[in-house]
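Single-structure report; data block below.
Quick note: numbers below take in every heavy atom, side chains included, and nothing from hydrogens, waters or symmetry partners. Proteins come first, then strands; the chains are lettered A, B, ... in the order of their sequence lines, and each starts at number 1.
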There are 2 protein chains.
Amino acid sequence: MKEVLPQLNSTFSIDCVLFGFDEGELKVLLIERNEEPFKDWWALPGYLVNENESLDQSAARILHELTGIENVYMEQFYTFGDVGRHPQGRIISVAYYAMLRLGGDKALKPISNYAKQAHWINVKELPPLAFDHQKIFDQGLEKIKRRIKHQPIAFELLPEKFTLTQLQNVYEVILGKKLDKRNFRKKMLSFNVLKDLNEKQKGVSFRAATLYRFDKRKYGKLFGKEISF
Amino acid sequence: MKEVLPQLNSTFSIDCVLFGFDEGELKVLLIERNEEPFKDWWALPGYLVNENESLDQSAARILHELTGIENVYMEQFYTFGDVGRHPQGRIISVAYYAMLRLGGDKALKPISNYAKQAHWINVKELPPLAFDHQKIFDQGLEKIKRRIKHQPIAFELLPEKFTLTQLQNVYEVILGKKLDKRNFRKKMLSFNVLKDLNEKQKGVSFRAATLYRFDKRKYGKLFGKEISF
DNA sequence: AATATACCGTGTAGATATTACACTAAGTAA
DNA sequence: TTACTTAGTGTAATATCTACACGGTATATT
């Protein structure tokens with residue numbers, strides 16, 4: 001830092017709100033802290049930004065370190081900079097969210113020792129969170145509620161092949177309300193971004209549903225037009 | 001900063017995209033820099049954050065120092081943190097936008113000497129901008145394009161008493177397209193947030209239009225419902 | 001084999017919202 | 001008086017949204 005810029009130097013951190021969907025519930029990834037302050041409290045995964053990485057890179061690195069997951073699109077949604085938000089000094093935190101596919105294959109890797117453990121927690125049963133993380137989480141949830149109406153982010157929570165009922169569940173859980181089955185299907189199919197795989201669900205104890213896949217190429221053609229739920 | 005947090009200390013700043021509306025044009029406030037780097041270049045008004053202020057407070061202070069204007073609602077929209085964005089070191093910048101009422105009474109006060117002058121510039125005729133300010137501006141403009149469809153921010157650009165034609169102009173300029181007069185009026189009035197002042201425009205050389213005022217109390221009652229253009 | 005169970009998948013009618021479109025009224029200026 | 005400029009208004013056609021119920025099909029159970 002040159003002498004022309006004498007002002008406040010502050011520490012920067014990233015906090016991540018990672019959403020997952022499992023067993024019909026919306027989950028968020030929390031860690032149990034192993035360090036003061038807020039030792040033993042639950043918190044959003046987050047860490048300090050390194051010198052030579054952009055914010056986006058830093059968010060990707062932190063996600064990788066905590067979960068082993070790579071190549072996930074993360075989106076910055078707000079920066080929290082209240083003076084007293086961190087008891088150890090002026091720390092400004094840039095918050096990101098991401099939507100993750102859960103399920104068997106992608107278990108969470110052991111994480112760095114600043115946390116004891118990481119768990120997917122139902123967003124309806126959140127424990128008290130460290131720092132201002134409740135506020136960050138709330139704002140992240142608001143963000144995806146708005147975004148899911150206009151952007152194809154719901155698909156990122158589901159396996160590649162999914163049924164329309166599963167997709168509707170994602171919308172219902174995030175928006176917090178029931179949707180009409182026929183109207184939902186009519187509208188969703190009308191966007192023409194779902195590929196019917198001519199394939200049925202397996203391993204269910206009732207009539208199997210048709211599987212679909214989100215078709216990015218077709219979605220690209222919609223560019224500019226507004227999707228709206 | 002305590003020893004528990006050894007990582008990156010970075011300087012951070014606020015940059016403001018201040019929108020104004022004048023003579024049917026959308027304007028943005030730019031300053032001409034009086035310091036290296038980018039001496040003599042045009043830039044968005046912005047400055048370094050002080051130690052004891054929150055980001056919101058800092059944005060309000062910087063706006064005040066540059067324009068003399070107070071009590072304007074500013075909204076944070078993105079944080080720019082690419083490694084090379086500032087030639088003098090790692091500076092992370094939190095960007096805010098605000099919508100300002102221009103016109104006679106609220107002239108710009110003399111500003112601190114890091115800038116030679118400040119001017120309202122038509123957004124269609126922007127000069128080359130310092131740093132990554134073009135990117136910041138572009139993103140700010142995108143933000144208000146999206147926001148104007150759902151939030152009552154257009155009124156903030158107009159005098160307290162305005163005509164429906166003026167309001168339509170604001171929408172047309174920001175959205176970058178012509179709107180149908182009858183449909184615009186029908187829809188805008190249907191929201192029931194405009195108070196007819198039973199008063200006519202003055203000083204125009206043609207038939208005077210009815211003046212309206214935005215009614216915040218009525219708008220409050222809409223809370224939760226989505227407005228959509 | 002018959003039956004129960006559970007979810008899948010589909011259509012329509014009424015209400016509401018959106019779009020496209022053109023002329024008369026009112027005030028000012030010459 | 002006339003010319004000019006903007007204000008202000010309605011309707012019909014179309015598209016979208018909403019509410020709503022039942023037969024089909026695979027599995028599990030007896």
* To do: Would you indicate what B/K200 reaches in the nucleic acid, counting non-hydrogen atoms under 4.0 angstrom: base, sugar-phosphate, or nothing?
  => sugar-phosphate
* **Donor on one side chain, acceptor on other, A/K149 and A/S228, under 3.5 Å** => no
* Asked: What do you reckon, are the aromatic ring centroids of B/F162 and B/F214 less than 6.0 Å apart?
  -> no
* To do: Answer yes if the ring centres of A/Y171 and A/F229 are under 6.0 angstrom apart, and no otherwise.
  => yes
* Asked: Does the side chain of B/Y47 pick up a donor-acceptor pair with the side chain of B/D15 at under 3.5 Å?
  -> no
* **Where chain A begins and ends its contact with DNA chain C, read 5' to 3' at 4.0 Å from heavy atoms** => C/dC7 to C/dT12
* To do: Please say whether more than 12 non-hydrogen atoms of neighbouring residues, nucleotides or ligands are located less than 6.0 Å from CD in B/E199.
  => yes
* To do: Output the distance between atom CZ (B/R147) and atom CD (B/E75), rounded to the nearest 0.5 Å.
  => 4.0 Å
* Identify whether any heavy atom of B/T210 sits under 4.0 Å from a base atom; if not, whether one sits that close to sugar-phosphate; answer base, sugar-phosphate or nothing. => sugar-phosphate
* Side chains of B/S190 and B/R185: donor-acceptor distance under 3.5 Å anywhere? -> no
* Name every residue in residues 164-179 of chain A that has at least one heavy atom under 4.0 Å from any atom of DNA chain D, in order of residue number, or write none if there are no such residues. => none
* To do: Would you confirm whether the ring centroid of B/F80 sits within less than 6.0 angstrom of the ring centroid of B/Y78?
  => yes
* Close side-chain approach of B/Y96 to B/L55, heavy-atom, < 4.5 Å -> yes
* Determine, for nucleotides 9-24 of chain D in 5'-to-3' order, which nucleotides have protein heavy atoms under 4.0 Å from the base (write B), from only the sugar-phosphate (write S), or from neither (write -). => BBB-----SBBBB--B
* Please say whether more than 12 non-hydrogen atoms of neighbouring residues, nucleotides or ligands are located less than 6.0 Å from CG in A/N71. => no
